[in-house]
Number of protein chains: 2
Amino acid sequence: MTTCGPRNPGRTRGNLLRAGIRLFASRGFHGVGVAEIVSEAGCNKRMLYHYFGDKEGLYVAVLQAVYARMEQVETAPLPPEASTAAMICEIMQRHFHFLATDNEFVKLLLWENLNEGRLLARHPGLLTKAPILHQLRTILEAAQSRGEITAADDPRHLLILMIGMCFIHFSNQHTLRQAVDLDMADPHIQAEGLRLAQQMVLAYLGLAPPEANGV
Amino acid sequence: MTTCGPRNPGRTRGNLLRAGIRLFASRGFHGVGVAEIVSEAGCNKRMLYHYFGDKEGLYVAVLQAVYARMEQVETAPLPPEASTAAMICEIMQRHFHFLATDNEFVKLLLWENLNEGRLLARHPGLLTKAPILHQLRTILEAAQSRGEITAADDPRHLLILMIGMCFIHFSNQHTLRQAVDLDMADPHIQAEGLRLAQQMVLAYLGLAPPEANGV
DNA sequence: ACTCTTCATAACCGATCGGTTATAAAGTCT
DNA sequence: AGACTTTATAACCGATCGGTTATGAAGAGT
């Protein structure tokens with residue numbers, strides 16, 4: 001497409017990375033050829049090998065870049081004076097909204113899982129511990145010390161279910177549409193799904209919903 | 001591998017289908033070559049084109065075969081005299097157990113979603129409505145008519161969350177392992193995840209857990 | 001001005017891709 | 001026995017795959 005001009009190191013690398021993110025997310029590692037990537041990046045095939053070593057090198061860089069987008073969103077501090085229920089709803093809403101916004105993240109995560117984490121295994125440290133787990137732990141411990149909740153279950157299991165209730169809306173969009181006849185891409189449907197998920201977690205913890213609805 | 005012998009129509013077709021299920025599930029449509037499939041099926045490449053037309057034809061047959069496995073499990077009748085809570089737990093346990101057992105189903109479903117349902121769109125009727133939705137609807141309506149529950153939310157949304165809480169354990173096995181440091185392949189971890197998911201749904205519906213635990 | 005590293009291109013490589021052609025043996029029907 | 005359909009094989013096809021070689025221009029250091 002847009003040629004790279006005579007010399008422009010940063011831009012060529014950036015173009016390749018962006019093209020890689022878009023194409024790998026949309027069709028996976030095996031589904032994309034390097035010729036297509038360099039065509040979209042507007043440069044020669046040799047440049048990919050110059051900047052990233054090989055196709056897999058670009059793929060790793062793509063994963064790093066997209067994981068960084070999640071960390072950036074999920075490490076944002078929470079409103080310190082909010083109620084426990086409000087904080088639970090907030091981190092769920094953040095996670096849900098991030099998945100809804102960053103389709104490329106969702107797809108790359110799924111590709112990597114389908115690949116049985118082979119790339120992740122070969123490049124340890126690519127994916128760090130979920131920052132959201134630390135937030136949830138802090139919230140639950142504080143609530144427990146104040147006697148607001150009694151359950152002492154492993155917060156990791158609770159987090160998995162919270163993530164699962166969000167993730168399903170985006171990971172299984174197309175098959176769910178056929179299976180239950182709901183358009184998961186519709187923001188209204190998504191909002192309803194999030195609302196129900198939040199209610200479910202609050203009900204499990206025995207917390208009343210925050211002031212918005214519960215009076 | 002095992003050669004097909006002089007003539008054996010059913011077996012060659014079956015071998016190809018089985019090989020296709022295993023290989024497409026493990027590496028997706030683009031990740032597998034026809035040469036590899038026929039090698040595992042123990043027959044010549046030409047046979048694949050004879051029985052299934054082309055590579056995509058085999059892929060469609062694979063999806064059909066694996067979807068049929070789910071329908072078979074999830075249309076089994078429920079114990080008619082059980083409590084509402086027990087029935088909810090039962091359908092969740094069944095769904096969870098099916099996903100835990102049939103890894104190929106989980107992966108093929110994810111491949112197809114990542115492919116944005118292109119195959120599903122090209123072959124309508126391949127995936128039918130989820131039979132589990134009908135079961136859930138029946139349970140909820142009966143409970144509602146008996147006044148056991150009050151919520152009149154769309155059962156489709158509840159089902160999505162139930163599926164999501166089960167699915168996440170298998171769809172994101174490898175990345176979750178790194179993100180929250182839990183081995184999702186461990187049956188004990190899985191059992192705990194299911195237990196928590198069941199509790200969550202029951203808590204949301206305002207139902208006491210069935211006799212097993214609640215006394 | 002001279003060298004040296006970096007950024008870039010075009011042409012090309014062997015291997016593999018999905019799919020086809022040519023051919024024939026095994027079974028089936030009359 | 002002879003004709004015809006079905007099941008099978010081997011060899012091959014053009015296209016494309018990921019990756020390399022050969023080459024040179026642009027910028028930086030001296």
Side-chain angles (χ1 to χ4, degrees), chain A residues 1-63 111-112 115 118-119 122-123, chain B residues 1-63 111-112 115 118-119 122-123:
Chain A
M1 306 277 170
T2 60
T3 179
C4 265
R7 298 291 298 277
N8 200 331
R11 190 163 66 114
T12 300
R13 214 195 105 102
N15 283 349
L16 282 166
L17 189 60
R18 258 190 306 279
I21 290 175
R22 202 185 72 80
L23 289 170
F24 282 140
S26 101
R27 295 208 298 281
F29 185 76
H30 293 292
V32 184
V34 298
E36 200 174 353
I37 297 173
V38 299
S39 157
E40 178 156 327
C43 70
N44 190 274
K45 190 199 284 196
R46 187 64 187 79
M47 289 294 93
L48 190 153
Y49 292 92
H50 176 59
Y51 285 113
F52 299 98
D54 57 4
K55 191 188 178 187
E56 182 174 314
L58 174 61
Y59 189 69
V60 170
V62 161
L63 289 186
W111 287 119
E112 194 45 32
N115 202 32
R118 265 166 242 156
L119 259 297
R122 211 176 318 171
H123 301 266
Chain B
M1 307 275 172
T2 60
T3 179
C4 263
R7 300 288 300 275
N8 199 332
R11 189 164 67 113
T12 300
R13 214 195 105 103
N15 284 349
L16 281 166
L17 188 60
R18 257 190 308 279
I21 290 175
R22 202 185 71 80
L23 289 170
F24 283 141
S26 100
R27 295 208 298 279
F29 185 76
H30 293 292
V32 183
V34 297
E36 199 176 353
I37 297 172
V38 299
S39 157
E40 178 156 328
C43 70
N44 190 274
K45 190 198 285 195
R46 187 64 187 79
M47 289 294 93
L48 190 152
Y49 293 93
H50 175 59
Y51 286 113
F52 299 98
D54 57 5
K55 191 187 178 187
E56 181 173 316
L58 174 60
Y59 189 69
V60 170
V62 162
L63 289 186
W111 287 119
E112 194 45 32
N115 202 31
R118 264 165 245 159
L119 259 296
R122 212 177 316 171
H123 301 265

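Here is how names work: the chains are called A, B, and so on, in the same order as the sequence lines, proteins then strands, and each is numbered from 1.
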(request) Tell me, please, which residues at least two apart from A/R46 pass side chain to side chain donor-acceptor pair (under 3.5 Å). (result) none

Nearest whole Å is fine: how far is [N] [atom2] from [X] [atom1]?
X	N	atom1	atom2	result
B/M47	D/dA10	CE	P	11 Å
B/L58	C/dG19	CG	C1'	14 Å
A/F52	D/dG18	CZ	C1'	16 Å
A/N44	D/dT21	CG	P	15 Å
B/R11	C/dA26	CZ	P	16 Å
A/R46	D/dA25	CZ	P	18 Å
A/H50	C/dT6	NE2	C1'	6 Å
B/L16	D/dT7	CG	P	12 Å

(request) Output yes when at least one side-chain N/O atom of B/Y51 is less than 4.0 Å from OP1 or OP2 of D/dA8, else no. (result) yes

(request) Respond yes when some side-chain nitrogen or oxygen of A/Y49 is under 4.0 Å from OP1 or OP2 of D/dT21, and no when none is. (result) no

(request) Locate the shortest heavy-atom distance separating A/L58 from A/F52; write the atom from each residue and the value. (result) N-CB, 3.6 Å

(message) Looking at every heavy atom in both B/V32 and B/L23, which two are closest together, and how far apart are they?
(response) CG2-O, 3.3 Å

(request) Quick one: pull up CH2 in B/W111 and OG in B/S26 and give me the separation to the nearest 0.5 Å. (result) 8.0 Å

(request) Assess whether side-chain contact (heavy atoms from CB on, under 4.5 Å) is satisfied between B/E112 and B/L119, documenting all intermediate values. (result) CA-CA 7 Å; B/E112 194 45 32; B/L119 259 296; 3.1 Å; yes

(request) Compare all side-chain heavy atoms of A/N115 with those of A/F29 and state whether any distance is below 4.5 angstrom. (result) no

Protein-nucleotides 13-17 of chain C N/O pairs closer than 3.5 Å?
none

